[in-house]
Amino acid sequence: MSGNGASSSSLNMISGEDVVNNNLSALVVDDSPLLRLLHDIHLKKYGLKVQVAENGKVAVDLFHLGASFDLVLMDKEMPVMNGVEATKELRAMGVTSMIVGVTSKDGPGEQQAFMEAGLDYCFEKPLTPEIISFLLEELNKHNKD
């Protein structure tokens, strides 16, 4: 796991009530229907409005059509357009959403290339409720600024 100072010690156990925010929205971008469903369920438990996309091109197209999301969970390896390409394109479009890379390959080299594309954080999948709580706490801090 890497990102702006994220470490396992900073992932405190947070109860769902502490981070529930019904005004936040998320986009889950993953080619695996199972992981899309799993992350969708976890995010909805925290009150987020969730939309899913099966690859990076669909995600980029959604933003081109005017959609906006507070949080984007972006898989790295996908057909059509992978997560690295999609993240670069979203950042080039001026998208300021928190983009979190989600990858099955946890090697530092794998994550570094993904982070350099413009991610805020990168974690091994699937995301745990603790990691999601951490991300939502970070989003809530950012939204208060």
Side-chain angles (χ1 to χ4, degrees), residues 1-16 18-21 24-64 67-145:
M1 143 179 75
S2 61
N4 297 331
S7 69
S8 3
S9 62
S10 67
L11 298 177
N12 299 329
M13 296 296 284
I14 302 167
S15 72
D18 293 336
V19 292
V20 168
N21 187 329
L24 294 177
S25 61
L27 176 62
V28 177
V29 188
D30 201 304
D31 60 322
S32 164
L34 180 62
L35 284 168
R36 283 195 309 263
L37 178 63
L38 178 67
H39 290 148
D40 177 73
I41 289 168
H42 281 315
L43 291 166
K44 283 180 177 171
K45 281 184 189 175
Y46 293 102
L48 275 78
K49 297 172 194 79
V50 181
Q51 190 163 346
V52 297
E54 62 272 11
N55 62 61
K57 181 173 181 347
V58 173
V60 169
D61 288 347
L62 283 168
F63 279 92
H64 273 302
S68 67
F69 302 93
D70 300 291
L71 173 65
V72 178
L73 300 183
M74 183 73 71
D75 183 22
K76 183 173 186 242
E77 301 292 330
M78 295 178 286
V80 185
M81 180 184 282
N82 68 36
V84 174
E85 294 167 345
T87 300
K88 284 180 181 176
E89 188 155 338
L90 290 173
R91 292 303 189 210
M93 292 167 53
V95 171
T96 59
S97 306
M98 178 187 286
I99 303 178
V100 178
V102 185
T103 180
S104 57
K105 298 178 179 167
D106 197 29
E110 293 285 330
Q111 286 191 358
Q112 182 177 352
F114 204 3
M115 287 295 297
E116 289 172 359
L119 295 180
D120 294 289
Y121 298 96
C122 191
F123 296 97
E124 190 172 352
K125 62 179 164 182
L127 297 183
T128 63
E130 293 79 20
I131 291 172
I132 291 172
S133 292
F134 165 77
L135 293 171
L136 296 179
E137 188 175 71
E138 292 299 302
L139 267 176
N140 284 330
K141 282 183 204 172
H142 177 72
N143 287 342
K144 288 179 185 173
D145 293 343

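Predicted, not measured: the structure shown is a model, and the values here were computed from it. FYI, side chains are in, hydrogens and waters are out, and symmetry mates aren't considered; it's all heavy atoms of this structure.
For K88, the salt bridge (Lys or Arg N to Asp or Glu O under 4.0 Å) test picks out no residue, with sequence neighbours left out.
Scanning both residues, M78 and D31, for their nearest heavy atoms gives CG-OD1, 3.7 Å. Contact detail for V28 and H39: the closest heavy-atom pair is CG1-CB, 4.0 Å. Between D70 and L139, the closest heavy-atom pair is O-CD2, 3.5 Å. When every heavy atom of T103 is checked against every heavy atom of C122, the shortest pair comes out as CG2-SG, 4.0 Å. When every heavy atom of H42 is checked against every heavy atom of P129, the shortest pair comes out as CE1-CG, 3.6 Å. When all heavy atoms of A53 and A59 are compared, the closest pair comes out as CB-N, 4.1 Å.
Note that CG of L136 and CG of L43 are 6.5 Å apart. Values are rounded to the nearest 0.5 Å. Note that OG1 of T128 and CG of L38 are 10.0 Å apart. Values are rounded to the nearest 0.5 Å. For the atom pair D30 CG and D40 CG, the distance stands at 12.0 Å (nearest 0.5 Å). Taking CG of L71 as the reference point, atom NZ of K49 lies at 13.5 Å (rounded to 0.5 Å). The CG atom of L135 lies 11.5 Å from the CG atom of L24; values are rounded to the nearest 0.5 Å. Rounding to the nearest 0.5 Å gives a distance of 6.5 Å between CG of D61 and NE2 of H64.
Annotation: side chain of F114 is in contact with side chain of M74 (closest heavy-atom distance under 4.5 Å). Taking the side chain as every heavy atom from C-beta outward, L73 and V100 approach each other to under 4.5 Å. In this structure, K125 and K76 have side chains that are not in contact, with every pair of non-hydrogen atoms separated by 4.5 Å or more. Taking 4.5 Å as the limit, every side-chain heavy atom of E138 sits out of range of all side-chain heavy atoms of D120. Residues L35 and V102 have side chains not in contact (no heavy-atom distance under 4.5 Å, counting atoms from C-beta outward).
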Test side-chain contact (heavy atoms from CB on, under 4.5 Å) applied to V60 and E85, step by step: CA-CA 10 Å; V60 169; E85 294 167 345; over 6 Å; no
side-chain contact (heavy atoms from CB on, under 4.5 Å) between L119 and I99, worked out: CA-CA 5 Å; L119 295 180; I99 303 178; 3.5 Å; yes
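K57 pairs in a side-chain contact (heavy atoms from CB on, under 4.5 Å) with only one of the listed residues (V80, L62, N82), which is V80.
Counting only distance, with no hydrogens or angles, the side chain of R36 and the backbone of V52 share no donor-acceptor pair below 3.5 Å.
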